[in-house]
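First up is the structure itself, then whatever we jot down about it.
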2 protein chains.
Amino acid sequence: MNALPLNIDGATGVPLTEQIVSQIETMIRSRRVLAGAKLPSIRQLATEQSISRFPVIEAYDRLASRGLIQARHGSGFYVANHVDEHARDAGNCDPRLAEEESSQILAQFNYPGETLKLSSGFIPEAWRDVDGLTQAVRQASRADIASVIDYAIPHGDTNLRQQIQMRLNTLGINADLPNVMITSGASQALDLVVRYMLKPGDTVFVEDPGYYNLFGLLKLQGVRLVGVPRLANGPDVEMAEALLKQHTPKLFFVNTVFQNPTATNIAPQIAFRLLQLATQHGFTIVEDDIYADFQTVPTQRLASLDQFDRVIYVGGLSKTLSSSLRIGYLAANRELVKNLVDVKVLTSLGGTRFAESVAASLLERGTYRKYLERLRKRVRDSLSSAVQQLESYGWDVFDQPSGGNFVWAKVPGIEDSTKLVSEALKFGVTLAPGNYYRPNGEACAWVRINSAYAGDRRAARFFEHMTQTARA
Amino acid sequence: MNALPLNIDGATGVPLTEQIVSQIETMIRSRRVLAGAKLPSIRQLATEQSISRFPVIEAYDRLASRGLIQARHGSGFYVANHVDEHARDAGNCDPRLAEEESSQILAQFNYPGETLKLSSGFIPEAWRDVDGLTQAVRQASRADIASVIDYAIPHGDTNLRQQIQMRLNTLGINADLPNVMITSGASQALDLVVRYMLKPGDTVFVEDPGYYNLFGLLKLQGVRLVGVPRLANGPDVEMAEALLKQHTPKLFFVNTVFQNPTATNIAPQIAFRLLQLATQHGFTIVEDDIYADFQTVPTQRLASLDQFDRVIYVGGLSKTLSSSLRIGYLAANRELVKNLVDVKVLTSLGGTRFAESVAASLLERGTYRKYLERLRKRVRDSLSSAVQQLESYGWDVFDQPSGGNFVWAKVPGIEDSTKLVSEALKFGVTLAPGNYYRPNGEACAWVRINSAYAGDRRAARFFEHMTQTARA
């Protein structure tokens, strides 16, 4: 290569190495030198610029470590290929690391005609309290003018936080108001925790199988996922203990009640062991309790034992009240909540004040409680008939589902759930393959079935067909 | 120190270095060894575990580079102090880096009795179209049941995106639907860009003075801010060119129209020079056009020259329609929008569908357009009387404000705006000191005044008092 048009000046006070790095980087990014071009040798550049070789060596080293140039053995330095792509995903987030998860989430928003979405994460529209919601919407727009105009307050609507606080107290979690913040869905709560506590290369423990949106969120930010098998009574603590000999997770994400996708609850002795491990190994547990409101009689929560020492508690109203309003919440120790509110405000300014006001009014007036009584019965009934139906067709159901929307099921003799997915399509049924629910996309025999849709005739025909196919 | 209870096993297949790092890290984080404790020497640990010294050297090195242990010259290795704090802010975000910005944002949400918030960023509640908003809220809840129940679609409401697209077209920006995404306020748009394109240690250019929420967002994520002076016709391009000799910014954030806080517009020749610099130096410009809707006759936009090659365009409805609804948007090239939608979905699942539906209906029905006509007149009138008033009291006003809410003003002879802040309090007026609007909190003589509140008698008394004080 000919001389690079560098302009190195020892008198500016800027270190020579920095001047070289900055000027060459600019040439590369602005495509004035192209991918594959050879750079002058270290000796040549030093001579041209009448400087010593050391700053040039250091500059090339830095450019190489940032992927902008490459050393080829015995031949010198070259501008790297794909510098553009490198430059493009050079931020804290790389969506290519979570491509499967994002396309699966996006696929849920496609409405391909008439297929039955049997793995859906949502309850049917007809089960929602549309009347209660529209009344609350009108009421809020009349009674609370600020709610249609102003920014939400940083911690979230105070009345809503009080309602959440009371709800936590009934679960045995001693939350005061400063322990509670409102988030834009449980998604923002998880995202704030990830941003504040993790950086690329960190390790976390997740349940296997578990929640794929969470896996995507973590992968997007370069976090390493280690799966801990989910058993019928909670995460496999023996396995967790063995994995802790090799890994130092900062966080362990656990879905305590009606776990997604196994529909099981954590047992008290497992919760206790898990908290012991957290203390011994210095990690924090994120207790994802998003299905809490489907439950009539509370079972064990991690936060009710630990009281915010090593537990961050996350919940929300999207699964029951409304997914549109994006009402989630996070409860943790005051110091952490204070810091997460700072991050929330700096990154989003705050939530949708109107949505918070609507949710607060539904909770305060008892409308939500009455709706939950009806909804719980529906969810219970559809779950038990889905389990009965699947078992009658000879499917295996994971343990005895404790409650919630989901059945985690498989067909005896079929070890690869992608076979179920392709067969389902023939019956007008779309299914997500079970490997989506595994932290690193491992093969899986199981699929998640939303019990609310299992009564559809297309589902029934598919269930029957599969066991016949497996037997054949 | 006595022997550490390590359990190093050469037969597991896990490298010895990793085993040592992981086990010592766990002891430190779980507080089984405390800050200040001395670790065994390299030789001692190697002997105890019957392994060579190399993995121990490497392990101590890694622990030290992560701040968990410290070498003290001639004396050995010790557990670092403040490991806990280190562990706590080990994520991608450190709110301590943006403490000033977050406390200033939070302060806007305190309502200390009767003080007049003269630096406020908001228009008065009475100027909003409360009737239009409440009608649209009721209308959406009646006509669009999905809007109160379902998740928003990932790109945002299609009708709303079409409205935004038409708006961009009238500004000369050739956006198609795939170029446009809805965000939760302009804040989420900026946050998505920062997360996707920047990592800690990266450099960006910002305007000086400029938007402090943006400065906070960037600092939170460890980005280095280099301020480019904002002149009456846009950023100082001569200075930008000089700074580009020392810095390699990835992004340059520019507020083209009614800039916050100087109230000035970018001139066509400055826009052109800026885009030339972007091409030559390979950076991207984020065009923050949040005050666009205050403007009647469009002036130069960067995106209308560049058409999404090196410009990302950000806007929103919070300044005019409603801050509660959190409606922002981003327009950029299709590839980037696709990737940012992935990041949006993975980190937030999506926006508030109901808010999007309300905004879409207000824009479609022309209610928003009619409201803007009334609002623009009010904003124009209040701006010109505020300027007149300030000048009549002998204050200096930055150039001739082009429009929008703000006046950037100072008192001749007073070089430190914190003096204005403390004096203002005596008159029941709260002001933000001008250094908040400077990228690194540099001293500043100027303050931002929201013209809508300048007519208040407390403000008038304060304006008069200050010039008398300065003269005395």
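In what follows, chains are A, B, ... by sequence order, proteins preceding strands, each numbered from 1.
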Salt bridge (Lys or Arg N to Asp or Glu O under 4.0 Å) pairs, two or more places apart, involving residues 134-149 of chain B: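 Qualifying pairs: none.
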Given heavy-atom pairs under 4.5 angstrom as the criterion, report whether the side chain, backbone, both or neither of [X] touches chain A.
| X | value |
| --- | --- |
| B:Phe122 | side chain |
| B:Gln19 | neither |
| B:Thr347 | both |
| B:Leu217 | both |
| B:Ala152 | backbone |
| B:Thr279 | backbone |
| B:Leu133 | side chain |
| B:Asn7 | side chain |

Tell me which of these, [options], has more heavy-atom pairs under 4.5 Å with chain B than the rest.
| options | result |
| --- | --- |
| A:Thr352, A:Thr134, A:Leu190 | A:Thr352 |
| A:Ser184, A:Ser187, A:Ala278 | A:Ser187 |
| A:Ser103, A:Gly351, A:Gly328 | A:Gly351 |
| A:Ser147, A:Ser318, A:Ser102 | A:Ser102 |

Salt-bridge test for B:Asp94 and A:Lys199: reply yes if a basic N is under 4.0 Å from a carboxylate O, no otherwise.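 Here B:Asp94 does not pair with A:Lys199 in a salt bridge, since their nearest N and O are not under 4.0 Å apart.
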Test: A:Asp191 and B:Arg195 ion pair at under 4.0 Å: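 Counted as a salt bridge, because a side-chain N and a carboxylate O are separated by less than 4.0 Å.
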Mind checking the CG-CD spacing from B:Asn339 to A:Glu99? Nearest 0.5 Å is all I need.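 Here the rounded value is 8.5 Å.
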Rounded to the nearest 0.5 Å, how far apart are CD of A:Gln280 and CE of B:Met27?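 If we round to the nearest 0.5 Å, A:Gln280:CD and B:Met27:CE are 12.0 Å apart.
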Using atom types as modelled and distance alone, determine if a side-chain donor or acceptor of [X] lies under 3.5 Å from a backbone N or O of [Y].
| X | Y | value |
| --- | --- | --- |
| B:Arg326 | A:Ser348 | yes |
| B:Ser324 | A:Phe354 | yes |
| B:Ser322 | A:Val148 | yes |

Sort out for me which of [options] touches chain A most, counting heavy-atom pairs under 4.5 Å.
| options | answer |
| --- | --- |
| B:Asp342, B:Ile149, B:Asp9, B:Val21 | B:Ile149 |
| B:Ala146, B:Pro200, B:Gly282 | B:Gly282 |
| B:His281, B:Arg310, B:Gln135, B:Glu18 | B:His281 |

I would like to know whether A:Ser22 and B:Thr248 meet side-chain hydrogen bond (donor to acceptor under 3.5 Å, both in side chains); could you show each step before the answer? CA-CA 6 Å; A:Ser22 144; B:Thr248 313; 3.3 Å; yes
Got more than 12 heavy atoms from elsewhere within 6.0 Å of CG, A:Leu243?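 Enclosed: over 12 neighbouring heavy atoms sit under 6.0 Å from CG of A:Leu243.
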Are [X] and [Y] side-chain neighbours, meaning at least one heavy-atom pair lies under 4.5 Å?
| X | Y | result |
| --- | --- | --- |
| B:Val194 | A:Asn92 | no |
| B:Ser323 | A:Asp150 | no |
| B:Leu346 | A:Ile105 | yes |

Under the salt bridge (Lys or Arg N to Asp or Glu O under 4.0 Å) rule, collect the residues that match up with A:Lys245, sequence neighbours excluded.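 Scan of A:Lys245 (salt bridge (Lys or Arg N to Asp or Glu O under 4.0 Å), adjacent residues dropped) gives none.
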